[in-house]
Amino acid sequence: MKFADFILSDAVRAEVSATDKPGVIREMLQAILDADGMKKADYEGIVQAVIKREELGSTGIGRGIAVPHTKHPSVKRLVGCVAVSADGIDFEALDCEKVQLFFLLISPPDAPGDHLRALEHITRQLKDDTFCRFLKQSKTKEDILSLLEEADNNMFGK
């Protein structure tokens, strides 16, 4: 699986305006909505599903990274987005550090394999310090999309 398989390029955000965990979740889901990745009527239900998942344990995995995700019956295919916060946001990460990189993922409940493969791809790429450093320094959506494409083409970790 590659980022191109599920990241909606129109939903990528080089700088979020949110300053807290619920705000960044809402902002990223709004970006997915604006990119036609979900229906407006399903927005609030998906927000609540992501927040409920966060209540089970933060998806802030450390090193300035969070991967909020959920399964929801209203989405017909795996969709996701990427967002960057230059200042970082308190996301209750495991290492208690602020989060700068966000990868949000929503999948249909009947596609658990795709959901797991996407999470695996995200976490594998995020283990690369160079990839993370460049993402954190990204100033534009185009910068982020270029880095995702390079990651898909195995340009990192070599």
Side-chain angles (χ1 to χ4, degrees), residues 1-35 37-38 43 46-72 78-107 114-158:
M1 180 161 289
K2 296 182 176 211
F3 288 123
D5 295 331
F6 58 91
I7 296 295
L8 302 174
S9 58
D10 288 341
V12 170
R13 295 294 181 260
E15 181 58 47
V16 293
S17 59
T19 58
D20 61 12
K21 186 176 192 171
V24 76
I25 290 168
R26 286 184 174 281
E27 189 170 337
M28 292 179 76
L29 289 171
Q30 183 65 51
I32 290 174
L33 174 63
D34 294 345
M38 72 171 95
Y43 172 81
I46 295 173
V47 167
Q48 294 310 314
V50 174
I51 290 172
K52 185 175 181 180
R53 166 57 190 87
E54 286 297 320
E55 289 170 355
L56 296 174
S58 178
T59 58
I61 59 176
R63 296 178 42 243
I65 301 164
V67 188
H69 57 92
T70 195
K71 296 173 186 165
H72 200 272
L78 182 68
V79 294
C81 73
V82 178
V84 177
S85 169
D87 295 332
I89 295 170
D90 180 4
F91 209 79
E92 302 168 351
L94 299 176
D95 62 1
C96 299
E97 297 295 322
K98 287 187 174 185
V99 172
Q100 293 175 278
L101 300 179
F102 300 89
F103 283 78
L104 189 142
L105 188 64
I106 312 163
S107 64
D114 287 346
H115 189 85
L116 289 174
R117 279 189 293 279
L119 287 172
E120 177 186 38
H121 181 70
I122 291 167
T123 54
R124 185 177 341 107
Q125 296 301 331
L126 291 173
K127 287 180 182 176
D128 186 287
D129 290 333
T130 303
F131 177 69
C132 290
R133 186 174 66 250
F134 286 157
L135 265 181
K136 288 175 183 178
Q137 295 170 353
S138 296
K139 300 294 183 212
T140 67
K141 173 169 65 170
E142 292 72 25
D143 290 344
I144 295 169
L145 291 171
S146 178
L147 287 167
L148 297 179
E149 184 178 349
E150 288 177 24
D152 280 351
N153 293 324
N154 300 311
M155 303 293 282
F156 292 96
K158 296 286 178 189

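Sequential numbering from 1 along the given sequence is applied to the chain's residues.
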Enquirer: Under 3.5 Å, side chain of Arg63 to main-chain N/O of Leu126, donor-acceptor pair present?
Expert: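 Yes, because the side chain of Arg63 sits within donor-acceptor range (under 3.5 Å) of the backbone of Leu126.
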
Enquirer: Write down the atom of Asp10, the atom of Ala35, and the distance for their closest heavy-atom approach.
Expert: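 Asp10 and Ala35 have their closest heavy atoms at CB-CB, 3.7 Å.
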
Enquirer: Distance-only, no hydrogens or angles: does the Glu92 side chain make a donor-acceptor pair with backbone N or O of Ser58 under 3.5 Å?
Expert: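 Flag not set: sc Glu92 to bb Ser58 has no pair under 3.5 Å.
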
Enquirer: Could you point out which residue of Val79, Ile106, Leu78 forms a side chain to side chain contact (heavy atoms under 4.5 Å, CB included) with Phe6?
Expert: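 Output: one option passes, namely Leu78.
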
Enquirer: How far does CG of Leu101 sit from CZ of Arg133, to the nearest 0.5 angstrom?
Expert: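 Atom-to-atom, Leu101:CG and Arg133:CZ are 12.5 Å apart.
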
Enquirer: Side chain of Glu15, backbone of Ala86: donor and acceptor closer than 3.5 Å?
Expert: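 Looks like yes, one N/O pair under 3.5 Å.
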
Enquirer: Is there a donor-acceptor pair under 3.5 Å between the side chain of Gln125 and the backbone N or O of Phe131?
Expert: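 A pair under 3.5 Å: no.
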
Enquirer: Once you round to the nearest 0.5 Å, how far does NZ of Lys136 lie from CD of Gln100?
Expert: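 CD of Gln100 is found 5.0 Å from NZ of Lys136.
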
Enquirer: Between Glu97 (side chain only) and Gly62 (backbone N and O only), is there a donor and an acceptor less than 3.5 Å apart?
Expert: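 Not at all, since once roles are kept as given, no pair shorter than 3.5 Å links the two residues.
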
Enquirer: Donor-acceptor pair, Asp143 side chain versus Lys139 backbone, under 3.5 Å?
Expert: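 Yes, the answer is positive, given that a donor and an acceptor are paired below the 3.5 Å cut-off.
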
Enquirer: Are the side chain of Lys2 and the backbone of Asp152 linked by a donor-acceptor contact shorter than 3.5 Å?
Expert: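 Between the backbone of Asp152 and the side chain of Lys2 there is a qualifying donor-acceptor contact (under 3.5 Å).
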
Enquirer: Does a side-chain heavy-atom distance below 4.5 Å link Ile25 with Phe91?
Expert: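 Contact flag for Ile25/Phe91 side chains = yes.
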
Enquirer: If you round to the nearest 0.5 Å, how far is OG1 of Thr123 from CZ of Phe103?
Expert: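 Separation between the atoms: 10.5 Å.
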
Enquirer: Quick one: does Leu33's side chain get under 4.5 Å of Ile46's, heavy atoms only?
Expert: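 No, their side chains stay 4.5 Å or more apart.
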
Enquirer: Tell me, do Asp87 and Lys98 make a side-chain contact under 4.5 Å, heavy atoms counted?
Expert: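 The answer is no; the side chains never approach within 4.5 Å.
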
Enquirer: What heavy-atom pair brings Ala14 and Ile144 nearest, and what distance separates the two atoms?
Expert: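 Nearest pair, atom of Ala14 first, then Ile144: CA-CD1, 3.6 Å.
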
Enquirer: Determine the minimum heavy-atom distance between Leu29 and Met38, stating which atoms define it.
Expert: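 Closest approach of Leu29 to Met38: O-CE, 3.3 Å.
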
Enquirer: Quick check: closest heavy atoms across Val99 and Ser85, and the distance to 0.1 Å?
Expert: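 Here Val99 and Ser85 meet closest at O-CB, 4.2 Å.
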
Enquirer: In Å, rounded to the nearest 0.5 Å, how long is the span from NZ of Lys127 to CD1 of Ile65?
Expert: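 The NZ atom of Lys127 sits 11.0 Å away from the CD1 atom of Ile65.
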
Enquirer: Working note: Asp34 + Gln30, criterion side chain to side chain contact (heavy atoms under 4.5 Å, CB included); need CA distance, chi angles, decisive distance, verdict.
Expert: CA-CA 6 Å; Asp34 294 345; Gln30 183 65 51; 2.8 Å; yes

Enquirer: How far apart are the closest heavy atoms of Leu148 and Ile7, and which atoms are they?
Expert: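 Closest approach of Leu148 to Ile7, heavy atoms only: CD1-CG2, 4.0 Å.
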
Enquirer: Can you name the closest pair of heavy atoms from Ala49 and His72 and give their distance?
Expert: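 Nearest pair, atom of Ala49 first, then His72: CB-CD2, 4.0 Å.
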
Enquirer: In Å, rounded to the nearest 0.5 Å, how long is the span from CZ of Phe102 to CZ of Arg13?
Expert: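 If I round to the nearest 0.5 Å, the distance is 14.5 Å.
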
Enquirer: Determine whether Glu54 and Thr59 make a side-chain contact, defined as any pair of heavy atoms from C-beta on separated by less than 4.5 Å.
Expert: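 Counting from C-beta outward, Glu54 and Thr59 do come under 4.5 Å.
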
Enquirer: For the CD atom of Glu150 and the CG atom of Leu147, what is their distance to the nearest 0.5 Å?
Expert: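 Glu150 atom CD to Leu147 atom CG measures 5.5 Å (nearest 0.5 Å).
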
Enquirer: Taking the side chain as everything from C-beta on, heavy atoms only, tell me whether Leu56 gets closer than 4.5 Å to Lys52.
Expert: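 In short, these two side chains do not touch, never coming nearer than 4.5 Å.
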
